[in-house]
S.K.: 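One structure coming up, written as structure tokens, with questions to follow.
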Amino acid sequence: MSITLNDAIEFITLEADLLDYGQFKEWLSLYTPEGLYIVPIDPDATDYEKTLNYAYDNAEMRQNRVTRLLGGRAISAMPPARTVRMHGRYRMLEADETKCVVRCAQMLTELRQGRERYYSANVTFHLVKTDAGLKIDRKIVSLLTSTEALTAVSYIL
Amino acid sequence: MTILPDPASLVNEDRADGSIYNNAALYDMEMDSIFKRNWIWVAHRSDLPEPGSFITTFIGQHPVIVSRDRKGELHVLLNRCRHRGATVCEHKSGKTASFVCPYHGWAYGQDGALRAVPQPKGYGESLDKSKLPLVSLKVAEYNGMIFATFNQDIMPLDEWLGPAKIWIDLFMKQGAGWPVKTMGEHKFTFPGNWKIQLENTTDAYHFPIVHKSFLDSVDNETQNIFDFVEGDGFVEDLGNGHSVMVMIPELIDLEENLDAPVPERFQELADALSKDYPPEKVRQIVRAVGGSGFNLNLYPNVACSMAFFRVLRPLAVDQTEIRHIAIGMDGGPDIANEVRLRLHEHFQGPMGFGTPDDSEAWDRVQRGALAGYNIDILLNRGLGHEAKRESGNLFSDVTAETGMRAAYKQWLVDLTCETAAEEAAQ
């Protein structure tokens, strides 16, 4: 049986909850070892490896990012910004028994040092089914404002 | 009548008044006296690769088009139709034969000349197209760095850059024998005055404090390279507000020390390159990928900062836009350029492991400097042992604030020179 949209939504909601509640170590375990967390700049880019991105994190860089968030040694993350994110407008683009591609909308509000900021994004998840359940092979966060000037984002989108 | 601040009372050799970051009237004076009168960096040569290429950008608050005409000549044009003032181009970059105003259809050439207007009869004999080109600024280029200015009487760019030119040449060795090209940018704003960023590019003192978390994320060898605050580096005043801060003296000239061992973090790249290039070339490419060991601060808006271009644009007295432009080898191996991109992403930009922490520090300077009255910002670090080179350039240790003093010296010249005073009085 193909991976269903409901399975994917349940998984994506779990990921969002872990990020908003600061459970970053648990978040790391949601990825495959080869998995990538990508925040592109160029909305038309397809080959992210050959393009400048905001983030192009393999397992090592994700681990570093989490260490940064939890380590208390980065002034922009002492403490990290608080975030609330909502997903909706889910659409299954491809699905078979072992993998699927789901796209959804993400609205995120950030609060840090009395400033509320907002980031909207289209997020594409490439999920794979493993013995331990669904895992992220690629998460691509396409910010609506990716080619505009952003502000410091010391957290995970 | 507004009482204008007196810049000379705000900045001394070794200190500045905190209001320089938040006085709105002073900011307006700076926009005229600094951003209208000096050479302002607008583009890198590779942004305009062929005839018809253009980009849009800003000089201070003024929107401009940088365009390469069909003969290959560069033009910097105010992005403002001569009819009713609309911008004639809103694309960030592209290729075009003309710029047509979307409001009434006035059409300008790549050089800004007004070519045609719809229904010209409505003007009778009064329209002299030759008198209504897009307003053209003075433009000059040095080693791929393109600058422009409103000031038609300014000294030649060569003279303005002076000893900074040698450092630009050294910086461009990151092309490893190929021309340097830009490879995209990280753009972000921070809620603070532009001079806080100008200072930061020549501030090595903050590095081990602010960037602990970046240093945690790299290998020991790289940590040692970045452990430079007690090293043999230096900061040197290059005149006209420019300065260089050498953090890693071994990485001043990337074509020297080619027999030094390849750093471990680049071994995989070196192995891959060895399939296509002889050993000497591999070492040259690998050294270039690692970046230069210095920050060259070019007053007032650009820096050649280790491995990228840093460009600042003041948006308001307490709001600044910064671009971190990635660079690479134009025609060089893709695998090496990809390593450069990953290194850039690691430290730079709004989601890097370095920039957000810098941004936080600058944000705090802006907010903290509002506290109290008549309290100085100190600019005196390294002053006691500052010395003069044979060239007459002042220099001090790597953590000295010599580069900030250089910038504020020029800032004061700009804000107090006669022309500036006359303009302000008008």
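Proteins get letters first, then strands, A, B, ... in listed order; numbering begins at 1 in each. Since the structure is predicted, the reported quantities are computational estimates derived from the model, not experimental observations.
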S.K.: Side chains of R115(A) and P191(B): closer than 4.5 Å at any heavy-atom pair?
M.R.: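 Yes, at least one pair of side-chain atoms sits under 4.5 Å.
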
S.K.: Say you draw a straight line from CZ of R364(B) to CD1 of I75(A); how long is it, rounded to the nearest 0.5 Å?
M.R.: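 With rounding to 0.5 Å, CZ (R364(B)) is 6.0 Å from CD1 (I75(A)).
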
S.K.: Would you say the side chains of S213(B) and R68(A) form a donor-acceptor pair under 3.5 Å?
M.R.: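 Indeed, the side chains of S213(B) and R68(A) share at least one donor-acceptor pair under 3.5 Å.
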
S.K.: Taking all non-hydrogen atoms of both residues into account, name the closest pair between P356(B) and S154(A) and its distance.
M.R.: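 Closest approach of P356(B) to S154(A): CB-OG, 3.3 Å.
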
S.K.: Using non-hydrogen atoms and a 4.5 Å limit, figure out which bit of T67(A) sits close to chain B: side chain, backbone, both or neither.
M.R.: neither

S.K.: Counting only heavy atoms closer than 4.5 Å, note whether S359(B) contacts chain A via side chain, backbone, both or neither.
M.R.: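 The side chain, not the backbone.
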
S.K.: What part of T147(A) gets closer than 4.5 Å to chain B, counting heavy atoms only: side chain, backbone, both or neither?
M.R.: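 Both parts, backbone and side chain.
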
S.K.: Which bit of R65(A) comes within less than 4.5 Å of chain B, counting heavy atoms only: side chain, backbone, both or neither?
M.R.: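 Contact with chain B is through both the backbone and side chain of R65(A).
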
S.K.: Can you tell me how far the OH atom of Y54(A) sits from the NZ atom of K187(B), to the nearest 0.5 Å?
M.R.: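 Reported to 0.5 Å precision, the distance equals 8.0 Å.
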
S.K.: Below 4.5 Å from any heavy atom of chain B, which atoms of E148(A) appear? Answer side chain, backbone, both or neither.
M.R.: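 Both parts, backbone and side chain.
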
S.K.: Using heavy-atom distances under 4.5 Å, tell me whether L157(A) contacts chain B through its side chain, its backbone, both, or neither.
M.R.: side chain

S.K.: First locate atom NE2 of H186(B), then atom CG of L52(A), and finally report the distance between them rounded to the nearest 0.5 Å.
M.R.: 4.0 Å

S.K.: Would you mind reporting whether M61(A) and R342(B) have side-chain heavy atoms less than 4.5 Å apart?
M.R.: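 The answer is no; the side chains never approach within 4.5 Å.
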
S.K.: Could you walk me through whether F353(B) and N64(A) satisfy the side chain to side chain contact (heavy atoms under 4.5 Å, CB included) test, starting with their C-alpha distance in whole Å, then the side-chain angles of each, then the deciding distance to 0.1 Å, before giving a yes or no?
M.R.: CA-CA 9 Å; F353(B) 286 21; N64(A) 284 336; 3.3 Å; yes

S.K.: Taking the side chain as every heavy atom from C-beta outward, state whether Y155(A) and M351(B) have any pair of such atoms under 4.5 Å apart.
M.R.: no

